[in-house]
Protein chains: 2
Amino acid sequence: MDSREFKEAATSSIDEIINYFETLGSRNVVSTVEPGYLRKLLPSEAPEEGEPWSAIRADVEAKIMPGITHWTHPGFHAFFPCATSYPSMLGELYSSALSGACFNWICSPAVTELETIVLDWLARALGLPACYLSTGPTRGGGVIQGSASEAVLTAMVAARDKYLRETVPESGLAEEEREERVMVKRSRMVALATTLTHSSARKAALILGVRFRAIPVREEDGYRLRKEALAAALAECRAQGLEPFFLVATMGTTDVCSVDDFEGISEALAEHVAPDQPGEVWVHVDAAYAGAALVCPEVRQSARIDLIERFHSFDMNMHKWLLVNFDASCFFVRNRDWLTKALSVNQAVYGNKASDGGLVTDYREWQIPLGRRFRSLKIWFVMRSYGIKGMQQHIRRTSQLGEEFAAALRARPDLFEIVTGPSFALTVFRVAAKSGEEPTPEEERNALTKALYERANASGKIWLTSTNLDGKFAIRLMTGVRTTERQHVETAVKLLTEIAQEVITGKPVYLN
Amino acid sequence: MDSREFKEAATSSIDEIINYFETLGSRNVVSTVEPGYLRKLLPSEAPEEGEPWSAIRADVEAKIMPGITHWTHPGFHAFFPCATSYPSMLGELYSSALSGACFNWICSPAVTELETIVLDWLARALGLPACYLSTGPTRGGGVIQGSASEAVLTAMVAARDKYLRETVPESGLAEEEREERVMVKRSRMVALATTLTHSSARKAALILGVRFRAIPVREEDGYRLRKEALAAALAECRAQGLEPFFLVATMGTTDVCSVDDFEGISEALAEHVAPDQPGEVWVHVDAAYAGAALVCPEVRQSARIDLIERFHSFDMNMHKWLLVNFDASCFFVRNRDWLTKALSVNQAVYGNKASDGGLVTDYREWQIPLGRRFRSLKIWFVMRSYGIKGMQQHIRRTSQLGEEFAAALRARPDLFEIVTGPSFALTVFRVAAKSGEEPTPEEERNALTKALYERANASGKIWLTSTNLDGKFAIRLMTGVRTTERQHVETAVKLLTEIAQEVITGKPVYLN
């Protein structure tokens with residue numbers, strides 16, 4: 001493909017992408033293809049001879065699009081959002097042109113320096129404590145990871161390394177003896193989370209090969225980790241001869257968007273090992289989705305984000321609720337030396353004057369992989385194109401849609417019961433208990449709620465996901481997608497109301 | 001940014017990108033900015049109000065481009081290449097528009113199914129044994145990872161899990177007792193590699209918290225891991241009560257592009273634990289760069305790629321030498337159950353009919369992160385646009401440039417000595433020993449070679465990297481970049497010849 005062909009191909013692709021976004025609402029949200037559909041449509045081997053763009057282009061609409069689930073569709077209310085926006089796409093376009101494996105500063109100084117700068121911009125925009133700024137008092141800073149899973153894994157690796165450095169003497173032992181001591185210590189270490197923490201915490205512990213304990217949090221806790229539960233878990237570990245070294249605290253749990261009690265957590269930990277003392281527990285705050293809402297000052301206070309200066313790392317995904325396309329997981333740490341000490345592995349071929357002189361940041365030492373893409377460009381484009389006000393407006397507008405959705409459910413207590421929320425544009429609800437006489441048995445309510453859920457999704461107009469809270473089947477509806485407007489929420493309410501009436505009465509109902 | 005503004009912005013961006021590639025050769029290869037240059041040029045906070053594209057666009061050329069090191073520059077001879085191409089960029093463009101966190105099949109069936117299909121295409125194009133095909137006899141298959149580092153980490157996690165399943169009884173033990181047994185076993189397990197294995201292997205072991213041993217390979221081995229060295233390492237581990245469970249074998253080492261002796265490795269391992277028996281050592285083949293050359297049948301035979309059917313996993317980066325932009329690390333495994341057993345972590349919110357029915361692939365169980373981008377699209381576009389023949393031509397043409405470069409050095413034995421290669425378009429060389437009298441001391445040759453290296457890089461016209469082989473400082477020159485033509489290699493030869501003469505004689509020399 002030469003320059004002329006590329007210009008033609010890219011120009012027509014841009015037209016098709018614009019048309020895609022402008023007509024998105026008319027498609028089914030979720031793909032309806034059957035497993036294995038694509039293998040029937042494509043040859044089993046790559047072509048011997050190159051093909052013209054016209055042939056490839058035709059296949060995108062004919063063969064790929066039917067298999068796409070549309071995460072930017074206004075009726076996408078499932079999981080959490082996965083964003084994209086025009087400025088973000090321009091960032092990816094430039095990034096793919098400037099492709100490089102930018103593991104060291106010299107591999108493209110702009111890739112490293114823009115990342116440091118825009119993550120400082122973001123830390124300020126979110127109101128994070130100064131200790132998370134690269135220019136702050138504690139040698140903190142941010143780095144872009146691929147996903148919140150990689151961020152929690154990276155934090156856990158650094159935490160294990162910090163704990164071992166603090167609790168196994170580095171000097172005075174022969175290398176082999178220290179390796180033995182470290183191995184024994186490792187077998188006693190335990191990472192903590194809660195039963196509502198994202199599964200990435202368990203996966204990280206599995207990868208590290210450390211023990212993992214999920215502290216139960218339930219409805220009566222407001223689905224939050226509180227001081228008493230954490231203190232009890234710490235005491236239990238000590239009684240079993242285990243050594244807690246890491247805790248994931250969550251701002252916006254996947255199931256219900258609850259926020260753990262940061263104050264209670266820091267108090268319980270201080271009673272276990274005093275802050276900044278050897279053997280303290282590293283606290284990683286997973287704010288993958290809800291962290292975006294911190295661009296609004298009113299959210300910072302209610303989440304007590306000031307308290308994370310007592311913690312060690314914080315992560316949020318701009319690619320969820322903050323208009324940047326996947327991947328842009330923004331990971332901040334209070335002291336970057338914790339990362340570089342844990343993750344530096346040198347090889348002669350990567351030596352260069354700037355790195356050896358210690359004047360620059362080499363982000364390969366802040367992450368699991370070696371190479372990295374130019375991901376800060378799309379963040380920079382989005383933050384400049386929207387401005388702080390534009391980002392705030394997006395969060396407030398979609399949060400307000402969540403309020404309106406919940407209000408509509410509350411107006412029909414005969415049909416719906418809100419289990420949690422709206423919290424960060426997420427409402428969790430189920431079919432109401434029948435009024436009068438004795439309450440509907442839980443099993444029946446689960447079955448009715450499941451029927452409502454499945455029939456709503458079968459409509460193709462909206463996509464919802466479900467959860468299970470201590471045996472209660474519940475539906476999650478999230479209104480954080482950029483394209484979702486009031487009219488789409490009204491459509492969802494009407495659809496759910498109709499189906500709920502049918503499900504409860506056993507008769508079809510049509511609303512105007 | 002509305003559709004009209006996006007169309008304008010994208011159209012002008014495409015023109016600028018085409019212009020970038022057409023004038024690339026006139027830029028310095030490596031950025032010459034000073035550390036911290038960008039912070040002086042940008043504000044310390046994001047703007048309150050959104051900015052127009054014209055302001056952002058102007059900053060790309062004025063502030064970002066001076067900080068870019070150009071990996072697609074024809075004079076880029078450093079490290080290994082990091083590719084991009086027009087069809088690949090179109091793939092990224094569509095991928096950013098269709099942004100989604102495609103962890104499960106239902107999250108976009110096309111994302112999963114196209115990945116399975118194009119990785120089968122690639123396995124066939126590379127001539128991998130049938131056991132690495134998704135349709136093959138052993139439940140094999142491929143998955144796109146972000147980098148070779150993530151591939152080796154994923155393989156090591158799966159290998160550890162497989163080894164523990166095979167060597168610690170799963171039944172007949174209480175859960176706590178088994179956890180204890182596993183912890184003790186883990187502390188005895190050791191991952192093996194060589195002194196020329198990429199540093200990602202050591203980093204993976206560090207992340208897993210398992211022991212790591214690098215087997216020395218030296219000049220007299222042809223810089224390859226051979227049977228005797230591996231057998232000795234295995235015996236040493238046994239003598240120390242350690243249990244080897246994982247080995248990285250390399251096709252194309254970073255320093256010299258050597259290929260480990262696959263036959264010798266499989267023989268040594270068979271004598272340790274018989275193949276497919278409990279406790280066998282998992283062999284992961286890291287072919288990150290040189291694996292691309294397997295599109296040429298003549299390479300398959302010399303590398304004995306047929307023997308990898310005795311091994312367990314294989315990884316190569318299309319984003320290095322095969323025309324796809326970063327990231328596209330293609331990771332194949334002989335039995336995908338090894339991955340899913342090690343990496344499955346369930347959470348209620350991710351449940352869905354297709355996954356629960358077991359009819360589909362959920363790639364989240366094949367990788368470290370949960371979410372994933374639509375990366376197969378760019379691979380599909382590149383393979384179709386180039387065809388098998390186009391890819392072969394690219395590999396043969398750039399390999400031939402390596403031959404021509406090495407021939408030019410050989411023609412000047414008074415100036416240069418080739419240490420290794422050309423091997424996969426990589427030549428490693430140093431300043432020749434002085435003829436006559438007694439040989440130049442090694443230290444002096446190192447100093448002369450380093451002077452040659454630094455002055456060549458200071459020219460700005462080419463970028464070379466260096467290595468250190470058992471105390472010998474040597475220069476690496478790689479000719480695998482898509483834009484590199486014969487004339488650019490001739491320029492490099494002329495430059496190196498001039499500088500080498502100056503360095504050796506102490507006088508400036510100008511060649512016509």
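Scope of the values below: all heavy atoms of this structure, side chains included, with no hydrogens, waters or symmetry mates. Remember, predicted model here, so these are calculated numbers, not experimental data. Every chain is numbered from 1 and lettered A, B, ... according to where its sequence line falls, protein lines coming before strand lines.
Proximity to chain A involves both the backbone and the side chain of B/A97, based on heavy atoms less than 4.5 angstrom apart. Using a 4.5 Å cut-off between heavy atoms, A/Y20 touches chain B through its side chain atoms alone. In this structure, no portion of B/A354 lies under 4.5 Å from any heavy atom of chain A. Looking at B/A342, the atoms closer than 4.5 Å to chain A (heavy atoms on both sides) all sit in the backbone: N, CA, C or O. Within the 4.5 angstrom heavy-atom criterion, only side-chain atoms of B/S134, from C-beta onward, approach chain A. With a 4.5 angstrom heavy-atom cutoff, B/K320 does not touch chain A via any of its atoms. B/H70 does not touch chain A: none of its heavy atoms, backbone or side chain, sits under 4.5 Å away. A/F473 does not touch chain B: none of its heavy atoms, backbone or side chain, sits under 4.5 Å away. Heavy atoms closer than 4.5 Å to chain A are found in both the backbone and the side chain of B/L370. Residue contact with chain A, scored on non-hydrogen atoms closer than 4.5 Å, involves the side chain of B/M65 exclusively. Heavy-atom distances place both the backbone and the side chain of B/S385 under 4.5 Å from chain A. Contacts between A/L153 and chain B at a heavy-atom distance below 4.5 Å involve the side chain alone, from C-beta outward. Contact annotation for B/Q145: neither backbone nor side-chain heavy atoms come within less than 4.5 Å of a heavy atom of chain A. Contacts of B/L208 with chain A are made by both backbone and side-chain atoms, with heavy-atom separations under 4.5 Å. Using a 4.5 Å cut-off between heavy atoms, A/Y386 contacts chain B through its backbone alone, with no side-chain atom that close. Looking at B/I106, the atoms closer than 4.5 Å to chain A (heavy atoms on both sides) sit in the backbone and in the side chain alike. Interface residue B/D15: only side-chain heavy atoms are found under 4.5 Å from chain A. With a threshold of 4.5 angstrom between heavy atoms, B/E5 does not approach chain A through any atom at all. At a 4.5 Å heavy-atom cutoff, the contact between A/V33 and chain B is made by backbone and side-chain atoms alike. Interface remark: A/V210 contributes backbone atoms only to the contact with chain B (heavy atom separation under 4.5 Å).
Across all their heavy atoms, B/T11 and A/K7 have their closest contact at CG2-NZ, 4.3 Å. In terms of heavy-atom proximity, B/S3 sits nearest to A/E22 at OG-OE2, 2.8 Å. Pairing each heavy atom of A/W380 with each of B/V60, the nearest pair is CZ3-CG2, 4.5 Å. Closest non-hydrogen pair, B/L343 versus A/K203, comes out as O-CE, 3.6 Å. Taking every heavy atom of both residues into account, A/W71 and B/C107 meet most closely at NE1-O, 2.9 Å. Here the shortest heavy-atom pairing between B/S199 and A/Y350 reads OG-CE1, 4.1 Å.
Panel note: side chain B/S99, backbone A/A83; a donor-acceptor pair is recorded below 3.5 Å. B/T84 places a side-chain N or O within 3.5 Å of a backbone atom of A/S96 that can act as its donor or acceptor partner. A/R160 contributes a side-chain N or O that, together with a main-chain N or O of B/I207, makes up a donor-acceptor pair within less than 3.5 Å. The backbone N or O of A/S44 lies less than 3.5 Å from a partner atom in the side chain of B/R124, making a donor-acceptor pair. Of the possible polar contacts, one joining the B/E113 side chain to the A/G36 backbone as a donor-acceptor pair under 3.5 Å is found.
Between A/P87 and B/W53 there is no side-chain heavy-atom pair separated by less than 4.5 Å. Annotation: side chain of B/F80 is not in contact with side chain of A/V349 (no heavy-atom distance under 4.5 Å). Within the 4.5 Å cutoff, no side-chain heavy atoms of A/I18 are placed close to those of B/R4. Taking 4.5 Å as the limit, every side-chain heavy atom of B/F326 sits out of range of all side-chain heavy atoms of A/S95. Put simply, the side chain of B/L42 does not reach to within 4.5 Å of the side chain of A/V118, judged on heavy atoms. Residues A/I368 and B/I368 fail the side-chain proximity criterion, which asks for heavy atoms closer than 4.5 Å. Taking 4.5 Å as the limit, some side-chain heavy atom of B/L93 sits within range of a side-chain heavy atom of A/I14. Residues A/W105 and B/T69 fail the side-chain proximity criterion, which asks for heavy atoms closer than 4.5 Å.
Taking chain A as the reference chain and counting heavy-atom pairs below 4.5 Å, the highest number among B/M1, B/R384, B/M89 is found for B/R384. Comparing A/P52, A/A9, A/S108, A/S149 by how many heavy-atom pairs each has under 4.5 Å with chain B, the most go to A/S108. For the options A/K353, A/H319, A/R202, A/E180, heavy-atom pairs under 4.5 Å to chain B are most numerous at A/E180. Per-residue counts of heavy-atom pairs under 4.5 Å with chain B were compared for A/A10, A/A78, A/G390; the largest is that of A/A10. For the set A/N468, A/L114, A/D255, the count of heavy-atom pairs under 4.5 angstrom toward chain B peaks at A/L114. Chosen from A/S187, A/P35, A/P43, A/A125, the residue pairing most often with chain B at heavy-atom distances under 4.5 Å is A/P35. Heavy-atom pairs under 4.5 Å with chain B were tallied for A/G100, A/A55, A/C102; the largest tally goes to A/G100.
Residues that satisfy the ring pair (Phe, Tyr, Trp, His ring centres under 6.0 Å) test with B/Y94, not counting sequence neighbours, are absent from this structure. Take A/R186 and apply the salt bridge (Lys or Arg N to Asp or Glu O under 4.0 Å) test, not counting sequence neighbours, and it matches no residue.
To the nearest 0.5 Å, atom CZ of residue B/R372 and atom OG of residue A/S147 are 11.0 Å apart. A/L359 contributes atom CG, which lies 9.0 Å from atom CD of B/E34 (distance to the nearest 0.5 angstrom). Note that CZ of A/R364 and OG of B/S200 are 12.0 Å apart. Values are rounded to the nearest 0.5 Å. Between the CD1 atom in A/I56 and the CE atom in B/M383 there is a gap of 12.0 Å [rounded to 0.5 Å]. Atom CZ of A/F21 is separated from atom CG of B/D2 by 13.5 Å, given to the nearest 0.5 angstrom. The distance from atom CD1 of B/I64 to atom CG of A/L377, rounded to the nearest 0.5 Å, is 6.5 Å.
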How far apart are the C-alpha atoms of A/D120 and B/R39, what are their side-chain angles, what is the distance that settles it, and do they pass the side chain to side chain contact (heavy atoms under 4.5 Å, CB included) test? CA-CA 11 Å; A/D120 279 347; B/R39 197 174 282 278; 3.1 Å; yes

Side chain to side chain contact (heavy atoms under 4.5 Å, CB included), that's the test. Do B/F6 and A/L90 meet it? Break it down for me. CA-CA 8 Å; B/F6 174 64; A/L90 292 171; 3.9 Å; yes

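The pair B/E49-A/K389 meets the salt-bridge criterion, since a charged nitrogen lies less than 4.0 angstrom from a carboxylate oxygen.
Surrounding CD of A/E176 are at most 12 heavy atoms belonging to other residues, nucleotides or ligands under 6.0 Å away. Heavy-atom contacts from other residues, nucleotides or ligands closer than 6.0 Å to CZ of B/R211 number more than 12.
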